[in-house]
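Hydrogens, waters and symmetry mates are skipped; everything else that's a heavy atom, side chains included, is used. All values derive from a computational prediction rather than experimental measurement.
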2 protein chains.
Amino acid sequence: MNDRHEQWQAAERLALTLIEGGLQRMSARTLAVFLFTDQESVTAGEIADRLEASAGSVSGAIKSLLTVGLIERLPAPGSRREHYRLRDDAWATLFTSQNTVIQAMLQAAAAGIAATETGDPAHQRLTQMRAFYAFLLGELPALLNRWHQQNT
Amino acid sequence: MNDRHEQWQAAERLALTLIEGGLQRMSARTLAVFLFTDQESVTAGEIADRLEASAGSVSGAIKSLLTVGLIERLPAPGSRREHYRLRDDAWATLFTSQNTVIQAMLQAAAAGIAATETGDPAHQRLTQMRAFYAFLLGELPALLNRWHQQNT
DNA sequence: CCGATACTTCAGAAATTTCTGAAAAGTCGG
DNA sequence: CCGACTTTTCAGAAATTTCTGAAGTATCGG
């Protein structure tokens with residue numbers, strides 16, 4: 001129990017969940033490695049070995065995880081290899097990034113409202129849609145504040 | 001301005017946003033028709049005409065939208081065709097359904113915690129992950145309550 | 001009951017996404 | 001600067017997702 005094999009299985013299952021959450025396959029598997037590694041930081045080569053994936057696809061995954069702010073590149077400790085690690089606020093960041101979709105919904109609804117006449121059934125539906133996403137967008141900053149305070 | 005063509009464009013753009021949000025392509029386009037139609041309800045055939053898609057793919061999209069509770073089948077008004085319409089609480093429903101992913105994340109983190117030793121770096125990371133998603137899951141019911149109250 | 005119309009299912013086609021492998025580019029120690 | 005090693009890029013391959021079209025099923029009016 002609690003051996004490496006069991007951890008590996010848990011990591012792969014977690015990767016599948018991350019894919020559900022919208023990450024791409026290799027990004028999700030890479031993120032799982034960052035979560036489950038024993039070490040403080042990992043290199044691209046180590047990830048490729050662990051996942052039995054090509055250096056190319058790992059490179060792409062790291063780039064995308066860096067872009068959304070889930071991992072960070074560490075000040076190189078004199079080594080030739082780049083070291084990366086999971087960022088402290090990774091999960092809040094992931095949640096926030098997914099909320100850009102909410103903003104897009106809001107804007108799409110507004111565009112629809114502008115394109116329809118007041119009183120149109122479509123106009124009413126779109127107004128309801130906009131109201132919901134406006135509400136959500138308004139609530140989220142306070143939500144994340146509560147998290148950061150509780151998590152201090 | 002405010003003509004059918006402009007509305008159609010807005011509908012297609014909204015569909016793209018819905019796809020971003022995780023819906024499948026045809027489900028998203030179908031949902032956009034439900035939003036932008038002039039009528040109170042629409043039939044599968046009307047949707048297929050509007051989207052220039054096959055009856056088969058529309059059937060699949062309707063089935064999936066029914067399953068997640070975004071649309072509802074109307075009591076048939078003596079017609080041979082089934083009529084559907086957007087449900088009132090569609091957006092809150094869509095939001096909620098996306099939150100099943102949060103629950104899955106929570107469980108995946110818990111599984112990882114169980115598979116690692118206390119004090120392991122991985123154990124610590126997974127504990128942080130679980131804390132965040134537990135927090136989120138705890139906040140969401142209250143969030144939706146506030147919406148329903150404000151929206152009364 | 002029967003004919004006509006509408007809906008569903010599903011195998012295969014089409015399109016898209018994702019991964020790999022090899023070549024190019026970058027970086028560090030010496 | 002050179003040579004060894006690592007990372008990035010990108011064209012094509014592989015895998016997956018998604019759509020269509022046709023056959024089958026269901027339902028309604030007559």
Practice problem: Report the C-alpha distance between B:L66 and B:R73 in whole Å, list the side-chain angles of each, state the deciding distance to 0.1 Å, and finish with yes or no for side-chain contact (heavy atoms from CB on, under 4.5 Å). | Solution: CA-CA 8 Å; B:L66 279 173; B:R73 182 171 293 162; 3.8 Å; yes
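- Remark: nothing in residues 29-36 of chain A comes within less than 4.0 Å of DNA chain D through any heavy atom.
- A donor-acceptor pair under 3.5 Å is absent between the side-chain atoms of B:T100 and the main chain of B:T96, judged by distance alone.
- Taking all atoms of both residues into account, the shortest heavy-atom contact from B:L106 to B:A134 is CD1-N, 3.5 Å.
- Checking side-chain atoms of B:R85 against main-chain N and O of B:L74 turns up no donor-acceptor pair under 3.5 Å.
- In this structure, the side chain of B:Q39 engages the main chain of B:S41 through a donor-acceptor pair within 3.5 Å.
- In this view, B:T127 and B:I113, B:H123 satisfy the side chain to side chain contact (heavy atoms under 4.5 Å, CB included) rule, not counting sequence neighbours.
- Residues B:V58 and B:A44 approach most closely at CG1-O, 3.7 Å, considering heavy atoms.
- Side-chain atoms of B:Q128 and B:R125 include no donor-acceptor pair closer than 3.5 Å.
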Enumerate all atom pairs, one protein N or O and one N or O from nucleotides 12-18 of chain D, separated by less than 3.5 Å.
residue : atom : partner : partner atom : Å
D:dT18  : OP2  : B:Q24   : NE2          : 2.8

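- A:D49 places its CG atom 13 Å from the P atom of C:dT20, with the value rounded to the nearest Å.
- The two residues B:L14 and A:A108 have their closest heavy-atom pair at CG-CB, 3.8 Å.
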Output side-chain donor-acceptor pairs under 3.5 Å for residues 135-146 of chain A, partner residues at least two apart or in another chain, one line each.
residue : atom : partner : partner atom : Å
A:E139  : OE1  : B:R146  : NE           : 3.2
A:E139  : OE1  : B:R146  : NH2          : 2.8
A:E139  : OE2  : B:R146  : NE           : 3.4
A:R146  : NE   : B:E139  : OE1          : 3.1
A:R146  : NE   : B:E139  : OE2          : 3.3
A:R146  : NH2  : B:E139  : OE1          : 2.8

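- Counting heavy atoms of neighbouring residues, nucleotides and ligands inside a 6.0 Å radius, atom CZ of B:R50 exceeds 12 of them.
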Quick test: give all pairs of protein nitrogen or oxygen and nucleotides 6-10 of chain C nitrogen or oxygen below 3.5 Å, distance rounded to 0.1 Å.
residue : atom : partner : partner atom : Å
C:dA6   : OP1  : B:R81   : NE           : 3.1
C:dA6   : OP1  : B:R81   : NH2          : 2.9
C:dC7   : OP1  : B:E82   : N            : 3.2
C:dT8   : OP2  : B:S59   : OG           : 3.0
C:dT9   : OP2  : B:K63   : NZ           : 3.3

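- When each of A:R29, A:Q24, A:M26 is tested with A:S57 by the rule side chain to side chain contact (heavy atoms under 4.5 Å, CB included), just one qualifies, namely A:M26.
- The terminal axes of the helix from C:dC1-D:dG30 to C:dG30-D:dC1, fitted over 5 pairs per end, subtend an angle of 40° to the nearest 10°.
- More than 12 heavy atoms of other shown residues, nucleotides or ligands fall within 6.0 angstrom of atom CD in A:Q150.
- Between A:L66 atom CG and D:dT7 atom P there is a gap of 12 Å when expressed in whole angstrom units.
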